[in-house]
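Along the sequence shown, the residues carry numbers beginning at 1.
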Amino acid sequence: MRSAVRIAVVWQSTTPVEALCRAVANARPTANVAVFHDPVADGETIRRLQPSVLVAALDAPDSESAGALRMLRALLGGIGVVLLAPAARLSEARVLAGKLEAQLLPLPPEPAALDAALEAALRPSPSEPQALLNLTRGISDEVNNPLLAALGQLRLLEVELADDEAKLAKVRAATRSLRRIQATLERARAVQRSSELPATLHIVDLGELLREVAGGDFPPAAVRGDRQLLRTALRDLAAVGRDLIGEGRAGTWALTRRDQDVIVRLELPATRLSAWQLPRTFEPYYLSRLLRGTSHGLSLFTVQQIVTAHGGRARARRHGEHGLAFELVLPGAADARP
C-alpha cells in the first residue's frame, strides 16, 4: 500500500485547477494536496509544508519561473518535480524541465501518465552537492532579470543627471555595486555549467584565449573544453591577480607544455600576499576574508571548479619571498588544431 504524501501544486495556468487536483487525488488517494499560485510569494509556506512532490503547472514557462522553482526545489532538499504545460508550449517547457530535472506532461495530463510521473518524482533526490548547485543556479536565474532592470534604470538616470556631478556620482556608485552582484551571479552560473559539461567537447586554443584576456603573445595550445567556461576561468584569475598585486602592477603570464599537459601560469610578486595560506587558496570567500573590500570571493573557487571539470587541476605555489604563482594544468588535445 502506498504511503501518504504531501503534494504542493503551484498553479499558474488557465486550465481549471480542480481537474488536476482530482487527477492527483485519483493517482494518490491518501495524498495531502495544497495549491499555491506564486513560487516566490508562497515560497516560505511551501517550504513549511515540506511536500514530497512539487507539481508546477505553467502556461508561460520562462527563466524567472525556472529560477524560482529551482531555488524552491533545492531548499526542499531536491524533491521530485512534475512540470505541466499546454501542448503548444511543450518545447519551451522541455528546457525548463531539464533545469528542474522534472517529469514533463502536457496540460491536461492523462491519468496514467500523471500516476507514472508522480511515482518517478517520489524516487530518491539528488546528492547534496548537486542540490547546492541547483540552489545556486536557481538564485542566479531568479535575481538576474530584476538586476538587469535596475541597471537599465540607473543607466537612464546617468543620462538624465549628466549635468549634476554630485547625484551622478551616487548613481555610478550604485551601478558599481550592482555590477559586483552581477559578477557574482555569473560566477555561480559558471560553477553550475562546469558540472554539466557535455561528453563531446570542442577544441579550444588557450593561447588565443590568453591573448584576449591578458594581452601579449602566447603560442597555440589546444585543449578540449567549453570555450566560454575556460575564458571565464582565465578572466577571473586575471582579475584576482590585478586585485592582489594592486598599485597598478601586473603579473607575469606563461603558457607551456609539459608531457601531455598544457600549463597556464600566473606569477604575482606582492608583499601583501605574505599572509596567504596556500591550503585555503581555492576555498570560497577566503580571498574576501583575507583582503576586505574585494569582489572576488567566488573567483578562485570558480577557476578551480572549471579546470577540474575539464579533467585538469588548479594549484597555487609560493613565488619569491612573498608572492604567489597560480597554475592551471589542463590535458592537451593531442594532434589537434584549434
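At a threshold of 4.5 Å between non-hydrogen side-chain atoms, the residues Leu237 and Trp253 count as touching. Considering only heavy atoms from C-beta on, Arg257 stays 4.5 Å or farther from Pro219 through its side chain. Within the 4.5 Å cutoff, side-chain heavy atoms of Thr302 are placed close to those of Ile306. Side-chain contact between Trp276 and Leu244 is present, with heavy atoms from C-beta onward closer than 4.5 Å. Looking at Leu96 and Leu83, their side chains come closer than 4.5 Å, going by heavy atoms from C-beta outward. Between Leu324 and Leu278 there is a side-chain heavy-atom pair separated by less than 4.5 Å. Side-chain atoms of Leu178 and Ile181, non-hydrogen and from C-beta on, do get closer than 4.5 Å to each other. Proximity of Ser13 to Leu107: side-chain heavy atoms (C-beta onward) are separated by under 4.5 Å at one or more points.
Residues Val82 and Leu105 approach most closely at CG1-CD1, 4.1 Å, considering heavy atoms. Scanning all heavy atoms of the two residues, the minimum distance from Gln277 to Tyr286 falls at N-OH, 2.9 Å. Nearest heavy-atom pair across Ser52 and Ile79 is O-CB, 3.9 Å. The minimum heavy-atom distance between Leu330 and Leu230, with the atom names listed, is CD1-CD2, 4.1 Å. Gly225 and Val204 get closest at one heavy-atom pair: O-CG2, 3.5 Å. Here the closest heavy-atom approach between residue Ile245 and residue Gly251 is recorded as CD1-N, 3.4 Å.
Linking Ile, Leu, Val, Met, Phe, Trp and Tyr residues whenever their side-chain heavy atoms come within less than 4.5 Å leaves Val329 and Val264 in two separate clusters. A single hydrophobic cluster is not seen to contain both Val307 and Ile263; linkage of ILVMFWY side chains at heavy-atom distances under 4.5 Å, directly or through other members, places them apart. Clustering ILVMFWY residues whenever any of their side-chain heavy atoms sit less than 4.5 angstrom apart, transitively, puts Leu49 in the very cluster that holds Val81.
Considering CG of Leu210 and CG of Asp217, their distance stands at 11.0 Å, rounded to 0.5 Å. With values rounded to the nearest 0.5 angstrom, Phe36 atom CZ is found 9.5 Å from Leu54 atom CG. Rounded to the nearest 0.5 Å, atoms CZ (Arg172) and CZ (Arg155) are 8.5 Å apart. Note: Leu122 CG to Gln103 CD = 10.0 Å, rounded to the nearest 0.5 Å. Rounded to the nearest 0.5 Å, atoms CG (Leu266) and OG1 (Thr252) are 8.0 Å apart. Separation of atoms CG (Leu58) and CD (Glu92) is listed at 11.0 Å; rounding is to 0.5 Å.
Using a distance-only test at 3.5 Å, with no hydrogens or angles considered, a donor-acceptor pair links the side chain of His310 to the main chain of Asp226. Checking side-chain atoms of Asp205 against main-chain N and O of Ala221 turns up a donor-acceptor pair under 3.5 Å. No side-chain donor-acceptor contact under 3.5 Å links Asp259 to the backbone of Asp261. In this structure a side-chain-to-backbone donor-acceptor pair under 3.5 Å is present from Gln50 to Arg47. A donor-acceptor contact shorter than 3.5 Å links the side chain of Asn26 to the backbone of Arg22. Between the Asp115 side chain and the Pro111 main chain, no donor and acceptor come within less than 3.5 Å of each other.
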If you apply the rule side-chain contact (heavy atoms from CB on, under 4.5 Å), what do you find for Leu206 with Phe218, and how did you get there?
CA-CA 9 Å; Leu206 282 185; Phe218 300 94; over 6 Å; no
Given Val5 and Leu118, is the side-chain contact (heavy atoms from CB on, under 4.5 Å) satisfied, shown in steps?
CA-CA 10 Å; Val5 296; Leu118 289 171; over 6 Å; no
Can you list the steps and then say if Val10 with Ile46 is a side-chain contact (heavy atoms from CB on, under 4.5 Å)?
CA-CA 9 Å; Val10 177; Ile46 297 173; 4.0 Å; yes
Evaluate the side-chain contact (heavy atoms from CB on, under 4.5 Å) criterion for residues Leu234 and Leu328: first the C-alpha distance (whole Å), next the side-chain angles of each, then the deciding distance (0.1 Å), finally the verdict.
CA-CA 9 Å; Leu234 294 176; Leu328 311 182; 4.0 Å; yes
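Ion pair Glu208/Arg227 flagged as a salt bridge, since at least one NZ, NE, NH1 or NH2 atom sits closer than 4.0 Å to an Asp/Glu carboxylate oxygen.
In this view, Arg265 and Glu267, Glu327 satisfy the side-chain hydrogen bond (donor to acceptor under 3.5 Å, both in side chains) rule, not counting sequence neighbours. A search for salt bridge (Lys or Arg N to Asp or Glu O under 4.0 Å) contacts involving Arg231 returns Glu212, not counting sequence neighbours.
Within a 6.0 Å radius of CD in Glu44, other residues, nucleotides and ligands contribute more than 12 heavy atoms.
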